[in-house]
Amino acid sequence: SPPVSDLLVTGGAGFIGSNFVRHVLGATDDHVTVLDKLTYAGNRASLDGLPEDRLTFVQGDICDADLVDGLVGRADRVIHFAAESHNDNSLRDPWPFLQTNLIGTYTLLEAVRRHEKRYHHISTDEVYGDLELDDPERFTESTPYNPSSPYSSTKAGSDLLVRAWVRSFGVQATISNCSNNYGPYQHVEKFIPRQITNVIADVRPRLYGAGQNVRDWIHADDHSAAVLLISERGRIGETYLIGADGEKNNLEVVQTILELMGRPRDAYDHVTDRAGHDLRYAIDSTRLRTELGWAPRFSDFTAGLADTIAWYVDNQAWWRPQKAETEAKYAVLNQ
Ligand code: NAD
Ligand code: TDX
């Protein structure tokens with residue numbers, strides 16, 4: 001069996017980070033140290049029930065260079081999920097995005113450079129901008145960067161820092177850019193959990209604009225498996241796109257949620273569109289599939305969505321405390 005590693009996972013109390021920690025503790029014998037600031041988006045309860053002898057939780061900021069230096073020095077490899085992650089928040093107040101996404105990534109890169117540790121950087125397909133609805137091409141590893149929002153521009157900037165640290169300082173890093181994730185433990189500010197929890201609360205789902213915008217959905221557990229594989233076997237300096245051929249427009253997603261929850265398919269409202277709203281994302285994940293042999297396990301979106309709805313129905317204590325505050329933030333934008 002492979003030697004046991006100590007993984008430093010930043011943002012491990014967030015949506016994708018907590019799914020990743022659960023995945024790693026199930027699929028390997030590795031030990032995980034989570035570094036998470038527990039912002040509004042982080043929740044310690046998302047790591048409940050995991051084996052305590054293999055998980056260490058540290059509450060702290062990735063911009064804290066002394067703290068990061070000590071933790072990176074003790075780890076075998078670093079997997080960086082922590083970020084400010086929500087586009088709508090970045091339109092209200094960009095500053096935390098610059099701080100965490102750019103300065104935080106810089107702080108981690110300096111530490112992995114000093115300690116010569118392998119680093120995997122989690123990013124998004126939003127760095128590539130958007131596609132026309134009828135564009136036959138999808139995003140690949142060579143698509144030029146063209147981000148639209150404060151969120152995606154700071155993620156793009158963080159990716160470019162990683163590339164520069166690889167080239168100029170020989171840092172042992174890989175990057176992945178994934179499409180839209182869904183699954184358990186996603187904050188109720190995001191599209192799918194917002195609509196599921198609205199319907200549970202008897203509030204009509206809210207569709208931005210006409211609902212024609214397309215997202216390429218992947219289950220968070222498929223993302224986790226890809227990240228684990230790349231962090232172990234990906235080629236240093238390479239970028240891998242992660243996607244599961246899951247393109248759907250927002251209207252179709254809302255209608256599917258309504259149908260699965262026993263409501264009429266037209267029981268939603270149109271609200272003010274997002275400023276600068278990207279039209280379509282779509283990922284070509286050929287490199288990841290052919291080079292590393294990854295394939296998604298959740299190929300049926302409707303079944304994955306039904307499981308996700310069941311999770312939000314069964315875990316109301318996890319999301320109820322955030323719901324009112326989240327909706328109050330949206331009310332300011334008339335969304
Ligand atoms: P999330 O907002 O649910 O979680 C982010 C986590 O990072 C939270 O636990 C938060 O407390 C923590 N954090 C924030 N600032 C921090 C700081 N300064 N120091 C330490 N911890 C801090 O986000 P998510 O949706 O799980 O996204 C995780 C990563 O995946 C991000 O890098 C995001 O860009 C990327 N990504 C997300 C998606 C998606 O669909 N959600 C798709 C592709 C890529
Ligand atoms: O109430 C809503 N109604 C609506 O129509 C919300 C919250 C969103 N939307 C639309 C906007 C998008 O077209 O749904 C789509 C998905 O919205 P979000 O969940 O906010 O995700 P998106 O902006 O696509 O970004 C997500 O995927 C890429 C993550 O939040 C990012 O962290 C990731 O990088």
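Small disclaimer: the values here were computed from a predicted structure and weren't measured. Order of listing sets the numbers, starting from 1, for every ligand and every atom in it.
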(request) Classify the angle between the aromatic ring planes of Tyr281 and Phe139 as parallel (below 30°), tilted (30 to 60°) or perpendicular (above 60°). (result) tilted
(message) In terms of relative ring orientation, are His121 and His80 parallel, tilted or perpendicular, with 30° and 60° separating the classes?
(response) tilted
(message) Within the 3.5 Å criterion, strictly below it, is a donor on Glu291 or Tyr240 matched to an acceptor on the partner's side chain?
(response) yes
(message) Can you see whether Asn19 engages His219 through a side-chain donor-acceptor pair at a distance of less than 3.5 angstrom?
(response) no
(request) Check whether the ring centres of Tyr182 and Phe301 lie less than 6.0 Å apart, and answer yes or no. (result) yes
(request) Please name all residues satisfying ring-ring contact (aromatic ring centres under 6.0 Å, His included) with Trp311, sequence neighbours left out, ordered by chain then number. (result) Tyr185, Trp318
(request) Kindly give the heavy-atom pair with the smallest separation between Ala13 and Phe57, and that separation in Å. (result) CB-CE1, 4.1 Å
(message) Distance under 4.0 Å, heavy atoms only, partner ligand 1: which residues pass?
(response) Gly11, Ala13, Gly14, Phe15, Ile16, Asp36, Lys37, Leu38, Thr39, Ala41, Gly42, Gly60, Asp61, Ile62, Phe81, Ala82, Ala83, Ser85, Thr100, Ile122, Ser123, Thr124, Tyr151, Lys155, Cys178, Ser179, Asn180, Asn181
(request) Sort out the contact shell of ligand 2: every protein residue with a heavy-atom distance below 4.0 Å, listed by chain and number. (result) Ser85, His86, Asn87, Thr124, Glu126, Tyr151, Asn180, Glu189, Lys190, Phe191, Arg194, Gln195, Arg206, Leu207, Tyr208, Asn213, Arg215, Asn250, Arg274, His277, Tyr281, Tyr330
(request) Decide side chain to side chain contact (heavy atoms under 4.5 Å, CB included) for Thr239 and Thr174; before the verdict, give the C-alpha distance in whole Å, the side-chain angles of both, and the deciding distance to 0.1 Å. (result) CA-CA 6 Å; Thr239 292; Thr174 44; over 6 Å; no
(message) Once salt bridge (charged side-chain N to carboxylate O under 4.0 Å, His left out) is applied, what residue pairs with a partner in residues 268-283 remain, sequence neighbours excluded?
(response) Asp88-Arg274, Arg204-Asp269, Glu247-Arg280
